[in-house]
*Asks:* 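A single structure is presented below for examination.
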Amino acid sequence: MFEPFYISFKLASITVLILFIISLPLSWYLSQTQSKMKPFLEALTALPIVLPPSVLGFYILVALSQNSPLGSFFKETFDISLVFNFTSLVIASCFYSLPFMVQPLQSGFESLNKNMLEASYLAGKSKWQTIVFVALPNIKPALITAIIITFAHTVGEFGVVLMVGGSIPGETKVASVAIYEMVEIMDYKGAHIYSAIMLGMSFIVLLSVYTFNAKHKRKFGL
Amino acid sequence: MIHININKALHGVNGGMSLDIDLDIKQGEFIALTGASGSGKTTLLRILAGLEEAEGEIEVNNLFWLKNRKSLKPQKRSIGFMHQENSLFLNMSILQNLLFVQKDLDLALRLLSLTGLTELKDKYPKTLSGGQKQRVSLCRSMMRKPDILLLDEPLSALDAKMRTQLQLEILALHKEFNTTTIMVSHDPSEIYKLSTRTLVLENGRIIKDGKTKEVLLKSQGSQKFSFEGELLELKEVDVVIIAIVAIGQQIVEIVVSKKEAENLKVGQRVILGTKAFAPTILRPSQ
């Protein structure tokens with residue numbers, strides 16, 4: 001009965017993990033660079049916020065389908081199809097939720113005092129050591145915000161998932177798609193239960209983020 | 001032995017200028033770097049630390065830190081650097097701030113006790129006063145036992161009493177570890193107390209270089225005392241003219257002749273000097 005929720009959470013967890021790994025160097029670079037490329041990269045990462053999910057879904061379909069170079073390569077080499085399965089959901093979600101991971105991290109890094117970062121370099125620490133031991137621990141609120149919002153946003157996605165993954169039970173049928181289908185077949189009771197769960201969880205997640213951030217601010221003055 | 005010969009184009013307040021420094025420093029010297037703001041003092045310090053690029057050469061104890069555009073990263077230079085403020089790692093306790101640089105507990109505890117911070121070692125930077133923070137910063141910059149200690153106006157944000165204490169601690173650490181120290185400062189009394197040699201920078205060039213006492217105890221003409229101040233007002237009282245001058249926090253009145261007054265304009269920087277007289281030193285009433 002609750003399999004769609006399980007798929008939603010599995011998808012969101014994997015997406016958060018992948019996006020964190022990708023976004024850490026990207027957001028650090030964006031926060032430190034004075035390159036002319038910066039606005040270009042920023043616009044590119046922010047695109048998923050403004051694009052209709054159908055546009056994003058369409059392009060991802062085109063790029064991954066078996067007629068595309070990438071899709072045919074994976075089909076021929078590994079006999080893996082990149083669309084209408086769980087893998088395609090992960091790929092689509094990584095594009096869709098990218099700005100929700102990059103932007104909080106970037107503004108967190110930008111808010112750090114330059115002197116503190118320099119002090120770490122002058123202490124002989126590399127960039128990576130500085131990011132892991134100095135930068136990240138000092139932007140905990142931004143870090144928590146990035147992870148939680150990315151997770152919640154991935155759980156809440158609908159359009160892209162439907163286009164790229166369809167609605168295969170146990171494979172690509174996530175909670176939001178399940179609700180859509182319940183409404184279509186007029187199973188209002190099921191839709192009510194699912195929707196209430198989504199609503200309740202989303203609120204609790206957001207509440208805990210804001211509570212944590214307020215507490216952290218009082219404690220460290222960051 | 002440190003040899004510096006560098007060049008860097010700067011974009012100052014008054015348009016472009018070039019920082020052009022040729023300098024030899026002996027091991028163990030305490031150098032004060034002074035001059036108007038925008039003259040390139042901080043930039044010179046940052047180039048030495050490897051935080052900014054420059055052309056030329058920096059050689060420290062037979063090791064090239066900069067040569068033929070090849071620059072050693074700040075991480076690889078034996079440098080202690082003390083920022084003006086806000087450089088502590090906020091997520092770490094005082095002791096952790098020191099140990100992050102070098103896992104040398106004995107040295108960390110020794111530094112903390114030299115600066116009277118032992119009791120605060122488990123506190124976090126947020127709970128410290130400005131003076132305490134700078135003390136921690138000083139201790140932390142000594143953790144690598146650096147060849148060169150660079151201090152970028154380290155005490156300018158502190159009140160007078162705290163300054164005096166920290167000056168003594170800086171001097172104590174400088175001697176204890178026998179480092180070569182370069183400090184940017186605007187405060188003549190600080191420079192006098194701490195440094196052995198003073199460099200004055202103007203528009204990216206060293207215009208004075210000598211023993212601190214000789215550079216500071218400059219007196220034009222034969223004045224015994226001279227103070228720089230701002231002329232606030234010229235008041236005509238009967239036959240004389242009274243000039244009102246602000247010197248630091250004090251306002252003083254000086255009688256000038258009509259002829260002298262003709263050359264003065266309100267708002268000008270002026271120097272008040274006097275020749276022979278017997279000065280008395282009084283302690284301010286508490």
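To find a chain, count down the sequence lines: A is the first, B the second, and so on, and within it residues start at 1. Reckoned from all heavy atoms, side chains included, excluding hydrogens, waters and symmetry mates.
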*Asks:* Tell me the closest heavy-atom pair linking Ser87(B) and Ala119(A), and the distance in Å.
*Replies:* O-CB, 3.6 Å

*Asks:* Give a yes or no on whether Phe151(A) atom CZ has more than 12 heavy-atom contacts from other residues, nucleotides or ligands under 6.0 Å away.
*Replies:* yes

*Asks:* Can you confirm whether Tyr6(A) is buried at OH, in the sense that more than 12 heavy atoms of other residues, nucleotides or ligands lie under 6.0 Å from that atom?
*Replies:*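 12 or below, so no.
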
*Asks:* Which bit of Ile79(B) comes within less than 4.5 Å of chain A, counting heavy atoms only: side chain, backbone, both or neither?
*Replies:*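 For Ile79(B), the contact with chain A is made by backbone and side chain together.
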
*Asks:* Counting heavy atoms not belonging to Asp122(B), are there more than 12 under 6.0 Å from its CG?
*Replies:*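 Count over threshold, so yes.
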
*Asks:* So Tyr121(A) and Lys73(B), side-chain contact (heavy atoms from CB on, under 4.5 Å) or not? Walk me through it.
*Replies:* CA-CA 9 Å; Tyr121(A) 299 144; Lys73(B) 286 189 172 156; over 6 Å; no

*Asks:* Measure the shortest side-chain to side-chain distance between Pro137(A) and Phe89(B) over non-hydrogen atoms and say whether it is less than 4.5 angstrom.
*Replies:* no

*Asks:* Near Phe58(A) CZ, under 6.0 Å, is it more than 12 heavy atoms from other residues, nucleotides or ligands?
*Replies:* no

*Asks:* Where the side chain of Asn115(A) meets the backbone of Gln84(B), is there a donor-acceptor pair that is under 3.5 Å apart?
*Replies:*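 No, the answer is negative, given that no donor and acceptor are paired below the 3.5 Å cut-off.
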
*Asks:* With distance as the sole test, does Arg144(B) use its side chain to make a donor-acceptor pair with the main-chain N or O of Leu122(A) at under 3.5 Å?
*Replies:*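 Looks like yes, one N/O pair under 3.5 Å.
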
*Asks:* Can you tell which part of Arg77(B) gets under 4.5 Å to a heavy atom of chain A, answering side chain, backbone, both or neither?
*Replies:*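 Contact with chain A: none, neither part.
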
*Asks:* Could you check if a side-chain atom of His83(B) sits within less than 4.5 angstrom of a side-chain atom of Glu118(A), using non-hydrogen atoms only?
*Replies:* yes

*Asks:* Has Lys193(B) got more than 12 heavy atoms of other residues, nucleotides or ligands less than 6.0 Å from its NZ?
*Replies:*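 It does: Lys193(B) NZ has more than 12 such atoms within range.
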
*Asks:* Could you tell me which portion of Met92(B) (side chain, backbone, both or neither) has an atom closer than 4.5 angstrom to a non-hydrogen atom of chain A?
*Replies:* side chain

*Asks:* Is the side chain of Asn91(B) donor-acceptor paired with the backbone N or O of Phe133(A) at a distance under 3.5 Å, no angle test?
*Replies:* yes

*Asks:* With a sphere of 6.0 Å drawn around CZ of Phe64(B), does it hold more than 12 non-hydrogen atoms of other residues, nucleotides or ligands?
*Replies:* yes

*Asks:* Near Lys145(B) NZ, under 6.0 Å, is it more than 12 heavy atoms from other residues, nucleotides or ligands?
*Replies:*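 No, the 6.0 Å shell around NZ holds no more than 12 heavy atoms from other groups.
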
*Asks:* With Leu90(B), which of Val134(A), Leu112(A), Asn113(A), Asn138(A) fulfils side chain to side chain contact (heavy atoms under 4.5 Å, CB included)?
*Replies:*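 So, applying the side chain to side chain contact (heavy atoms under 4.5 Å, CB included) to Leu90(B) and each of Val134(A), Leu112(A), Asn113(A), Asn138(A), only Asn138(A) qualifies.
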
*Asks:* Answer yes or no: are there more than 12 heavy-atom neighbours, outside His192(A) itself, under 6.0 Å from its atom NE2?
*Replies:* no

